[in-house]
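Have a look at this one before I ask anything.
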2 protein chains.
Amino acid sequence: MKTARNTIAKTKIQELIILSPIALSHSEIHKYLEGLCDRVTIYRVLDRLLEEGVIHKIVDVDGVIKYAGCHSCSTEHSHNHIHFSCQKCMSVTCLENVEPSFKLPKNYKVSEMNFTLSGLCPQCS
Amino acid sequence: MKTARNTIAKTKIQELIILSPIALSHSEIHKYLEGLCDRVTIYRVLDRLLEEGVIHKIVDVDGVIKYAGCHSCSTEHSHNHIHFSCQKCMSVTCLENVEPSFKLPKNYKVSEMNFTLSGLCPQCS
DNA sequence: ATTACATTTGCAACATTGTTGCATTAATAA
DNA sequence: TTATTAATGCAACAATGTTGCAAATGTAAT
């Protein structure tokens with residue numbers, strides 16, 4: 001069987017994402033790590049963290065993929081909340097407590113959601 | 001003053017997007033056009049069509065940028081509806097009549113929305 | 001501690017996607 | 001038909017993401 005290993009790269013990346021108040025992109029993580037590991041390693045670590053359910057993936061309004069820690073997902077892994085993408089400071093925040101509601105036509109089977117609003121965050125407005 | 005021109009490329013691309021029941025990505029448009037024009041031209045035409053408000057941009061769950069015709073936007077240019085991204089046939093559809101509702105914390109100023117669900121569309125489920 | 005081994009990494013090479021500058025082409029108004 | 005300038009094509013580049021493989025390293029067993 002395969003056993004996951006805790007490497008410096010993985011630990012650092014996980015820490016970075018979990019501690020960050022906003023969602024981070026691959027390139028942002030790359031900058032913060034300052035050459036601690038290869039660009040490719042970051043991609044692979046992110047994939048593993050996603051599989052493990054430690055972090056989740058958010059697509060911002062421009063199609064940039066960002067990663068955020070799963071805070072409220074400890075009991076159940078649900079990401080049906082809204083993300084807010086600030087157009088000024090480019091930060092992406094999870095609005096964990098906001099659950100949107102809507103009526104869907106028949107025969108659509110939903111397995112994932114991605115709700116992103118953009119505009120100005122409290123700090124920038 | 002600058003005057004917009006109707007070129008073959010622009011006409012074809014606009015037609016393609018407007019007539020398509022699903023949202024199309026740059027690469028899909030490129031394939032359909034079969035070398036009618038350059039890759040770069042498609043990017044520029046898409047930018048112009050967006051500016052003119054003829055089409056709108058959708059980011060799917062994987063961060064892929066797709067373009068769809070503005071059908072119900074003739075009177076008011078509003079895109080606050082849900083998009084559905086099928087995981088099997090990869091199609092992106094506008095659910096024009098579904099308007100989501102939610103309660104937002106104070107001090108957030110929203111200017112854009114991107115609501116994308118993914119799962120199986122009626123054809124694939 | 002040492003060994004064995006599979007996981008993880010780094011590097012190189014590549015694929016895809018998107019952008020920019022510039023000379024040429026072509027749509028439109030006069 | 002001609003003048004103007006928007007639009008195109010091409011080349012070159014940048015950013016982002018993927019894959020294969022040899023080397024390094026974490027972990028469990030000895």
*Does anything in residues 37-53 of chain B pair up under side chain to side chain donor-acceptor pair (under 3.5 Å), and if so which pairs, sequence neighbours excluded?*
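The answer is B:Lys10-B:Glu52.
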
*Over its full length, what angle do the end axes of the helix from C:dA1-D:dT30 to C:dA30-D:dT1 make, each axis taken from five pairs and the result rounded to 10 degrees?*
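The end axes of the helix from C:dA1-D:dT30 to C:dA30-D:dT1 are about 40° apart, to the nearest 10°.
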
*With the sugar-phosphate defined as primed atoms, P, OP1 and OP2, and the base as all remaining atoms, what B/S/- string results for nucleotides 15-25 of chain D, 5' to 3', for protein heavy atoms under 4.0 Å?*
-BBBBB----B

*Residues in side chain to side chain donor-acceptor pair (under 3.5 Å) with A:Asp60, at least two apart?*
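Here no residue qualifies.
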
*asked:* Tell me every residue that passes ring pair (Phe, Tyr, Trp, His ring centres under 6.0 Å) with B:Tyr32, counting only those two or more places apart in sequence or in another chain.
replied: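 Applying ring pair (Phe, Tyr, Trp, His ring centres under 6.0 Å) to B:Tyr32 gives none.
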
*In whole angstroms, how far is the C1' atom of C:dT7 from the CD1 atom of A:Ile8?*
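After rounding, the reported distance stands at 14 Å.
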
*What is the ring orientation for A:Phe115 with B:Phe115, classed by angle as parallel under 30°, tilted 30 to 60°, or perpendicular over 60°?*
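If you compare the ring of A:Phe115 with that of B:Phe115, the planes turn out parallel.
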
*Indicate, with yes or no, if A:Leu36 and A:Leu49 share a hydrophobic cluster defined by side-chain heavy-atom contacts under 4.5 Å among Ile, Leu, Val, Met, Phe, Trp and Tyr.*
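They do share one cluster, since a chain of ILVMFWY contacts under 4.5 Å joins A:Leu49 to A:Leu36.
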
*With sugar-phosphate meaning primed atoms plus P, OP1 and OP2, does B:Ile42 contact a base, only sugar-phosphate, or nothing at under 4.0 Å between heavy atoms?*
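Result for B:Ile42 = nothing.
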
*Starting at atom CD of B:Glu28, determine the distance to atom P of C:dG18, rounded to an integer number of angstrom.*
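So the CD-P distance, B:Glu28 to C:dG18, works out to 12 Å.
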
*Within the pair B:Thr3 and D:dA6, is there a side-chain N or O less than 4.0 Å away from OP1 or OP2?*
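False: B:Thr3 side-chain N/O out of range (4.0 Å or more) of D:dA6 OP1/OP2.
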
*Rounded to the Å, how far apart are B:His30 NE2 and D:dT8 P?*
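Those two atoms, NE2 and P, are 15 Å apart.
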
*asked:* Could you work out, with side chain to side chain donor-acceptor pair (under 3.5 Å) as the rule, every residue matching B:Ser91, not counting sequence neighbours?
replied: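 Applying side chain to side chain donor-acceptor pair (under 3.5 Å) to B:Ser91 gives none.
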
*In whole Å, what is the span from the CG atom of A:Leu49 to the P atom of C:dT8?*
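Whole-Å distance recorded here is 11 Å.
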
*Whole-Å distance separating the CD1 atom of A:Ile13 from the C1' atom of C:dT9*: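 Rounding to the nearest Å, CD1 of A:Ile13 and C1' of C:dT9 are 11 Å apart.
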
*To the nearest Å, give me how far apart CD (B:Glu52) and C1' (D:dA7) are.*
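Interatomic distance, CD of B:Glu52 to C1' of D:dA7: 13 Å.
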
_Separation of D:dT27 P from A:Lys10 NZ (nearest whole Å)_ =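 Atom-to-atom, A:Lys10 to D:dT27, this comes out as 9 Å.
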
*Cluster partners of A:Ile58, using ILVMFWY side-chain heavy atoms under 4.5 angstrom, listed by chain and number?*
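Members other than A:Ile58 - counting any ILVMFWY side chain reachable under 4.5 Å - are A:Val92.
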
*With sugar-phosphate meaning primed atoms plus P, OP1 and OP2, does A:Leu46 contact a base, only sugar-phosphate, or nothing at under 4.0 Å between heavy atoms?*
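It contacts nothing in the nucleic acid.
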
*With sequence neighbours left out, write down each residue that passes side chain to side chain donor-acceptor pair (under 3.5 Å) with B:Ser25, or none if nothing qualifies.*
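Listed in chain order: B:Ser27, B:Glu28.
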
*Partner set under side chain to side chain contact (heavy atoms under 4.5 Å, CB included) for B:Pro105, not counting sequence neighbours*: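 Result, side chain to side chain contact (heavy atoms under 4.5 Å, CB included) vs B:Pro105: A:Leu95, A:Val98, B:Tyr108.
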
_Separation of C:dT17 P from B:Asp60 CG (nearest whole Å)_ =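 Taking atom P of C:dT17 as the reference, CG of B:Asp60 is at 12 Å.
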
*Would you indicate which nucleotide in D:dG9, D:dA7, C:dG10 comes nearest to any side-chain atom of A:Asp38?*
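Selected nucleotide: C:dG10.
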
